[in-house]
Amino acid sequence: MRRLKRAAISAGVAVASLAGMGGIAGASQGSHHKNVTEPTITVWDQNTTSNLDPIYNHLVSLFEKQYHVKVDRITKPFTQILQQQKLALSGPNPPDIVQSNQGYGAEGPEAAAKLIVPLDKYAKQYHWASCQPSSILNGGDFSSDGKHFGSGRLYGVSDILNLVGVYYNKALLNKIHVSQQISTLTDFQSVLAKAKKAGITPIAFGDLEQWPGIHEYQSLWDVYAPSAQALTRYVYGTGPATAVTPYAKQAATTLQTWAKDGYFESGFNGVTYENGTNAFLHGKALFYIDGNWVNGSVAPVLGKNVGVMLMPEAKAGAPVLATGSGGNAYVIAARSKHQALAAEYLNFIACSSTAAKYFISQGQVPLYLPKSVVAGVQSGTTLAQWIHLYNQVAADNGVIMFMDLSTDDGTTYIGQQLQSLLGLKMQPSSFVQAIESDYSHFHSSL
Amino acid sequence: MSTLILSDTPRRVLTIRRVSAGWTGYVFVLPALAVFAAFVLYPLWQTVWLSFYSWDGLTARRWIGLANYRALFTDPTLRSAFLHSAILVIFISLVPIALGLLLAAVLSYRKIRGLTFFRTVLFLPQVLPLVVVGVIWDWLYQPNGPINSLLSDIGLGFIARAWLGDFTWALPSVGIVGTWVTYGFAMVLFISGVQKIPSTLYDAARVDGAGPVREFFAVTLPGLRSEMTVAFTLTVIAALRTFDVIYVTTLGGPGTSTTVPSLKIYQMAFEYNQIGAAAAVSVALAVIIVVVTFAIIRRGDRGDA
């Protein structure tokens, strides 16, 4: 849901004024409520949408009953958590759990400032490695100095899946007489051309918010890449890595060609993410590249007419790689007085079959998929397809963390460069160079 | 302020009563001053102080001298952000003031039936929260939105485009939102100003055979000088610190074609944890605003004299 939160507009956003800047150093904030009889943990989460909010209310009540504790769940939109979490965690009375976000934006500095605790001992105690693939679990890792992402100690853990794939409209595929499965990128591109010729928008796309384009680009980056290791090394900066690679340039070239050939919805740089989604929902486009987080909107509207696949492979027999991560990770405050209980709650939502079963019953894909739970999913649905795709990628340990988390400002920076690339204002080679300059600048400053 | 105190000093020595009266004044000011100092001066000082550091907001900060300020000149995105602000001044200050003057002149020239109604409707955009305004215009500007539909309906379909996604047109498009928000304020200010101009001046102009245009330039415009100063000051400040509309509509895109300093400050401080760099941009923006405002007020004063 990480992406959706980004799209959400908080009406309460304050202009970063001079006073606001100063406030960062001084003020403190915390939640306070104590129940004398049973221990209470306070959880800040970002699950504000009408799909997710009731799910967590239910999970919280299940947890409370099972453990005889009280959970004070406070929901805040992504932007608010972004602004408040560091203050809250450094205050004397912080929330026990905060649903933060992976990467250098929050988790890294919080780990370095020792505001959050390493979760390794809980991971061991509850066997988290056996209920989530390591390519997902690593997204919560940081070195204790906050400089190295994706390795070191575990600071954050997630409960549900974020995976990027390609939705397709079956009725429109029939209309242009494509009946066989699209298994290679070459096939995929010929279908795009066919759709364009038939007057159907090949790919629904709204990129006004800048970040949606990263999914388009990274989907190609993933399939052109030689291995998961090369990509992971780049995103996490765990070894010498560069943005200037043949496959990065290939991905940029292909994507720009799609833009040139009119394969995207026209005016996509000025179309909102929401309208991009809507174009696909209303059957106006053949494909839509987005995550499983929109499945809840897509499946009910398009029903049997929609299917989902990963970006088809560029080379036969290449490992199955796809962009994804756990949902925004939960961290435990260093000043929490109930750390063990907080870890118990995290284990409950991230690694219990009770929660997994409930997530699936509500159309969500949890990271933990016990066989007994998966068996109950109706086949042929996009939910079943997402579960299948997730299993397929996880088997190859091929979940590639969102590339924009490779630097502190990557989401904005890469998003802006992509708008230029796709707006035909920039050559693929300059695009790759621009990404490299931001990447090397950031990593040399660490 | 300091010259006032200095000139008071000898008198203070002369009579005790005056001294106490002087200090009593400060005592009355004290509560307000304390609030001002706590919530404006101290954060201001802190911002200036932080602007010399590299700091993520949590861990130990590192003194880097003027490096954050050097970035203002070397970072092309930051430079262009300030340039975009300057362009927005045209849309959020100059154009609205021109429109406001025109509307004030038209609405004041003859008694118009339903004047209050027109005034209210024209002022309405000013009342809406900017985030709401942003959401409305975001919708209007969509490639399949009402503006493009209207253009193609009247045979101007070739002009239609993805306004907010167009590298050339995004900034003017956002600017027009600013114009729409601000002109009502200028208009109301000028209408009330016109009402203070003695009607004898208009009578005299009319007796001398002045038409509406001549009358506007000879009587109305000179009579609105102080309102103009107020309007320029407030709208230029609004233009330079534009944030809400950009945040809601383009987020600085496409590319960086609508990025403005306030947006950069927000992103640097809250998204990238570059508190020091964000503070430096804040300081630079504040200095520019103070200098420009000062220049406008000076000019306004001189004009009045």
Side-chain angles (χ1 to χ4, degrees), chain A residues 9-26 79 82-83 86-87 89-90 104-106 108-110 112-115 145-146 206-211 265-272 275 279 407-409 411-413 415-420 422-423 425-426 445, chain B residues 39-40 42-47 50 54 56-59 77 129 131-132 134-135 138-139 141-144 148 161-167 170 173 241 243-244 247-257 259 262-263 265-275 278-279 282-283 285-286:
Chain A
I9 291 152
S10 147
V13 165
V15 178
S17 64
L18 294 168
M21 303 290 315
I24 285 167
T79 46
L82 190 75
Q83 291 163 20
K86 280 178 269 172
L87 284 180
L89 288 169
S90 47
Y104 299 98
E110 283 162 7
K114 303 201 178 344
L115 294 178
D145 59 2
D207 198 28
L208 184 59
E209 290 89 345
Q210 298 165 346
W211 56 259
E265 190 168 347
S266 73
F268 54 85
N269 267 348
V271 178
T272 58
N275 284 349
T407 64
D408 56 349
D409 64 352
T411 308
T412 305
Y413 187 80
Q416 285 172 341
Q417 303 306 315
L418 278 167
Q419 282 185 327
S420 299
L422 300 181
K425 297 276 168 193
M426 195 179 222
S445 74
Chain B
F39 293 103
V40 179
Y42 176 65
L44 188 67
W45 156 248
Q46 205 178 25
T47 306
L50 287 176
S54 167
D56 66 2
L58 290 174
T59 48
T77 318
V131 173
V132 175
V135 173
D138 205 33
W139 172 70
Y141 276 136
Q142 283 297 295
N144 304 321
N148 281 348
R161 64 193 68 229
W163 296 99
L164 297 174
D166 190 292
F167 281 80
S173 302
R241 46 176 241 192
F243 173 81
D244 320 47
Y247 184 80
V248 177
T249 55
T250 63
L251 272 170
T256 54
S257 58
T259 303
S262 302
L263 182 73
I265 294 169
Y266 174 80
Q267 291 173 332
M268 289 164 130
F270 292 107
E271 291 175 12
Y272 320 152
N273 302 308
Q274 301 168 354
I275 309 290
S282 300
V283 171
L285 183 62

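Since the model is a prediction, treat every value here as computed from it, not as a measurement. Chain naming here is simple, since letters A, B, ... match the order of the sequence lines and numbering starts at 1 in each.
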Considering all heavy atoms, the nearest [X]-[Y] contact:
X: Leu82(A); Y: Phe270(B); result: CG-O, 3.5 Å
X: Gly255(B); Y: Ser420(A); result: CA-OG, 3.7 Å
X: Gln419(A); Y: Phe167(B); result: O-CZ, 3.5 Å
X: Lys86(A); Y: Asp56(B); result: NZ-O, 4.1 Å
X: Leu251(B); Y: Gln210(A); result: O-NE2, 3.3 Å
X: Ala113(A); Y: Leu58(B); result: CB-CB, 3.7 Å

Under a 3.5 Å cutoff, is there a donor and acceptor pairing between the side chains of Gln267(B) and Tyr413(A)?
no

Are side-chain N/O atoms of Thr412(A) and Tyr272(B) paired as donor and acceptor at under 3.5 Å?
yes

What distance separates [X] [atom1] from [Y] [atom2], expressed to the nearest 0.5 Å?
X: Leu208(A); Y: Gln142(B); atom1: CG; atom2: CD; value: 6.5 Å
X: Arg161(B); Y: Asn269(A); atom1: CZ; atom2: CG; value: 13.5 Å
X: Asn275(A); Y: Trp139(B); atom1: CG; atom2: CH2; value: 11.0 Å
X: Asp409(A); Y: Met268(B); atom1: CG; atom2: CE; value: 9.0 Å
X: Ser445(A); Y: Gln274(B); atom1: OG; atom2: CD; value: 8.0 Å

Between Pro143(B), Gly252(B), Ala162(B), who has the most heavy-atom pairs with chain A when the cutoff is under 4.5 Å?
Pro143(B)

Select one option (side chain, backbone, both, neither) describing which atoms of Leu418(A) are under 4.5 Å from chain B's heavy atoms.
neither

Side chain / backbone / both / neither for Asp138(B) at chain A, heavy atoms under 4.5 Å
side chain

Measuring heavy-atom distances to chain A, does Thr259(B) have an atom under 4.5 Å in its side chain, in its backbone, in both, or in neither?
side chain

